[in-house]
Amino acid sequence: MNPELLQRITARRAELDELEERLAKELAEVRAERDELAVAERVLERVSEQLADERASAAPVPGQVGGRAVMLIPHHASDVEETVLPPEYQRILAIVRQAARPVMARQVGETLGVDISVRSKLEPLRGKPVRLTDRGCYGKRPTAGSPPACNQTRHHLAVR
């Protein structure tokens, strides 16, 4: 046998062994990363399912009052449209938006044509903007005349 050819074959075999070792390490790293991604996928699926369950359980459901189904006001969210609100609540939101500034419940009543001089007619109307405010449809701002430590519920209504 030719010693020069034998030396070339031995050198090439050493190169290929080194390449095989390097590729085996890379393959092991690729497999480990693929396994980590599979775990991350499963965790993401579980978390997504839990969030969907939480959203479903937090979603408002129709309530019962005196044996009748009543419409609950849903919490404000970017994917919830105002059309799910009862028409009177939609009109209240439109009035507040049209004013483009904070308005008082009394002003909303005047625009809706409610006799605001009769307290028994104004109070139910006052509760509707409060429900919308509590659900995040718009915010409350204290009136300028209210002292800071005041326990009164006089508020201006402002669209968020």
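This chain uses plain numbering: 1 for the first residue, then up along the sequence. All values derive from a computational prediction rather than experimental measurement.
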Checklist entry - Is Glu18 atom CD crowded by more than 12 heavy atoms from other residues, nucleotides or ligands, each under 6.0 Å away? => result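 Result for CD/Glu18: open.
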
Measure the [atom1]-[atom2] distance between [X] and [Y] for me, rounded to the nearest 0.5 Å.
X	Y	atom1	atom2	value
Leu44	Arg46	CG	CZ	11.0 Å
Leu93	Arg91	CG	CZ	11.5 Å
Leu112	Glu88	CG	CD	6.5 Å
Leu6	Glu4	CG	CD	11.0 Å
Arg42	Glu45	CZ	CD	9.0 Å
Glu110	Asp115	CD	CG	10.5 Å

Do [X] and [Y] have side chains that get closer than 4.5 Å, going by heavy atoms?
X	Y	answer
Gln107	Met104	yes
Val114	Val108	no
Leu16	Glu20	no
Glu15	Leu19	no
Val30	Glu33	no

